[in-house]
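Below is one structure; the comments refer to it alone.
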There are 2 protein chains.
Amino acid sequence: MAQDVFKALADPTRRRILDELVERDGQTLFEICARLVTKHGLGLSRQAISQHLAVLESAGLVVVRRQGRYKFHDLDTEPLERIATRWLRPDAREGTP
Amino acid sequence: MAQDVFKALADPTRRRILDELVERDGQTLFEICARLVTKHGLGLSRQAISQHLAVLESAGLVVVRRQGRYKFHDLDTEPLERIATRWLRPDAREGTP
DNA sequence: AGGATAGGCAAGTGGTGACTTGCCTATCAA
DNA sequence: TTGATAGGCAAGTCACCACTTGCCTATCCT
């Protein structure tokens, strides 16, 4: 399940969403939609963003926190800290003899 | 052109190729094909690997070095060092006021 | 020169992913 | 209770991507 982090990062819209969550954590779906339109000019349907958030959530990059009829989305950078170090040269990695 | 790094990393076969190049730099197309078969059991055509290498090259992750009829592929981890730090929290980044 | 090795070009196919549309459920406010 | 707000489910379309197949070019060896 954490292997899909690469697939989740492949889409530019999802990267924009991550950018938004870095800037302001705990946004709802409608907030993210509004921000993508006003700040980035992305005219996507609400459902499209919802599906993107589902991909990010299943990749472990976004954590959901429900409260009443709201659903807040928080960023989790923990999966990101592991992926890039995978191909660093042996002399630059930590756990190599 | 360096923006396609995410797209290049999205495919598992391409990640295997990067794994191979980390372990042994400067391999030719046929070497990579043989190693993917014997070590990972990937039975792909030579052309498929060639196309994957083209994607990795255009993403800047692989640098090509021609010599006679051989074409050696070297890994370049430089694009990798920038992508993961994009979404690190502001207090963990370097160049933020 | 001729064969063998290393690689490239181009068209075609199947499957997956991004996006939309339409309708449905749940919570809050009046 | 009714209407408005926040979100979910499901099917359908369309384009892109991974992979194959067939043929072609270039370099090396004898």
Side-chain angles (χ1 to χ4, degrees), chain A residues 1-21 24-38 40-74, chain B residues 1 3-21 24-38 40-59 61-74:
Chain A
M1 49 185 73
Q3 290 287 47
D4 307 285
V5 180
F6 298 100
K7 217 173 54 186
L9 293 176
D11 189 84
T13 302
R14 283 196 285 269
R15 277 172 288 183
R16 290 285 187 196
I17 294 177
L18 293 183
D19 289 338
E20 269 308 311
L21 291 179
R24 191 164 182 269
D25 222 3
Q27 295 189 57
T28 70
L29 172 60
F30 277 69
E31 282 180 290
I32 295 173
C33 284
R35 286 196 155 213
L36 287 180
V37 171
T38 61
H40 301 282
L42 287 186
L44 289 177
S45 74
R46 174 183 57 90
Q47 202 61 19
I49 308 297
S50 177
Q51 288 166 5
H52 280 307
L53 285 171
V55 174
L56 291 171
E57 185 183 353
S58 79
L61 290 167
V62 163
V63 169
V64 172
R65 169 169 46 99
R66 295 212 67 134
Q67 183 174 336
R69 64 175 159 174
Y70 298 101
K71 189 178 178 184
F72 303 105
H73 301 83
D74 295 307
Chain B
M1 49 184 71
Q3 290 287 47
D4 307 283
V5 180
F6 298 101
K7 216 174 56 187
L9 293 175
D11 189 84
T13 302
R14 284 196 285 268
R15 280 174 300 206
R16 291 286 188 195
I17 295 178
L18 293 183
D19 289 339
E20 270 307 313
L21 291 180
R24 191 163 182 271
D25 222 4
Q27 294 190 58
T28 70
L29 172 60
F30 277 68
E31 282 180 291
I32 295 173
C33 284
R35 284 197 158 213
L36 288 179
V37 170
T38 62
H40 301 282
L42 287 185
L44 290 177
S45 75
R46 174 182 56 88
Q47 204 59 19
I49 309 297
S50 177
Q51 288 167 5
H52 280 308
L53 285 172
V55 174
L56 291 172
E57 185 183 353
S58 79
L61 291 167
V62 162
V63 169
V64 172
R65 169 169 47 99
R66 295 211 68 134
Q67 183 175 337
R69 63 176 159 175
Y70 298 102
K71 189 178 178 183
F72 302 105
H73 300 83
D74 295 307

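Per chain, numbering begins at 1; letters A, B, ... match sequence-line order.
- One interatomic measurement links the two molecules: CZ of B/Arg66 to C1' of D/dC28, which rounds to 14 Å at whole-angstrom precision.
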Starting from the C-alpha separation in whole Å, work towards a yes-or-no answer on side chain to side chain contact (heavy atoms under 4.5 Å, CB included) for A/Leu56 and A/Ile17. CA-CA 9 Å; A/Leu56 291 171; A/Ile17 294 177; 3.8 Å; yes

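- Looking at residues two or more places apart in sequence or on another chain, you find a salt bridge (Lys or Arg N to Asp or Glu O under 4.0 Å) between A/Glu31 and A/Arg24.
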Polar pairs (N or O, both sides) under 3.5 Å between protein and nucleotides 3-6 of chain C?
| residue | atom | partner | partner atom | Å |
| --- | --- | --- | --- | --- |
| C/dT5 | O2 | B/Arg69 | NH1 | 3.0 |

Protein-nucleic acid N or O pairs under 3.5 Å, nucleotides 14-20 of chain D:
| residue | atom | partner | partner atom | Å |
| --- | --- | --- | --- | --- |
| D/dA18 | OP1 | B/Arg14 | NH1 | 3.4 |
| D/dA18 | OP1 | B/Arg14 | NH2 | 2.6 |
| D/dC19 | OP2 | B/His52 | NE2 | 2.2 |
| D/dT20 | OP2 | B/Ser45 | N | 2.9 |
| D/dT20 | OP2 | B/Ser45 | OG | 2.7 |
| D/dT20 | O4 | B/Gln51 | NE2 | 3.1 |

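- Between A/Asp4 atom CG and C/dA18 atom C1' the separation is 16 Å, expressed in whole Å.
- Heavy-atom minimum distance, A/Leu9 versus B/Phe6: O-CB, 3.4 Å.
- Whole-Å rounding puts the A/Phe72 CZ to D/dT5 C1' distance at 13 Å.
- Considering only residues two or more places apart in sequence or on other chains, B/Arg35 meets the salt bridge (Lys or Arg N to Asp or Glu O under 4.0 Å) condition with B/Glu20, B/Glu23.
- Scored by the salt bridge (Lys or Arg N to Asp or Glu O under 4.0 Å) test, B/Arg65 finds B/Asp74 as partners (sequence neighbours excluded).
- Remark: A/Arg14 pairs with no residue by the salt bridge (Lys or Arg N to Asp or Glu O under 4.0 Å) rule, at least two apart or across chains.
- Going from atom CG of A/Leu42 over to atom P of C/dC19 covers 9 Å, rounded to whole Å.
- By the side-chain contact (heavy atoms from CB on, under 4.5 Å) test, A/Val64 is found to be paired with A/Glu57, A/Arg66, A/Lys71, A/His73, residues two or more places apart in sequence or in another chain being considered.
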Kindly list each side-chain donor-acceptor pair under 3.5 angstrom involving residues 43-50 of chain B, sequence neighbours excluded, with atom names and distances?
| residue | atom | partner | partner atom | Å |
| --- | --- | --- | --- | --- |
| B/Ser45 | OG | B/Ala48 | N | 3.2 |

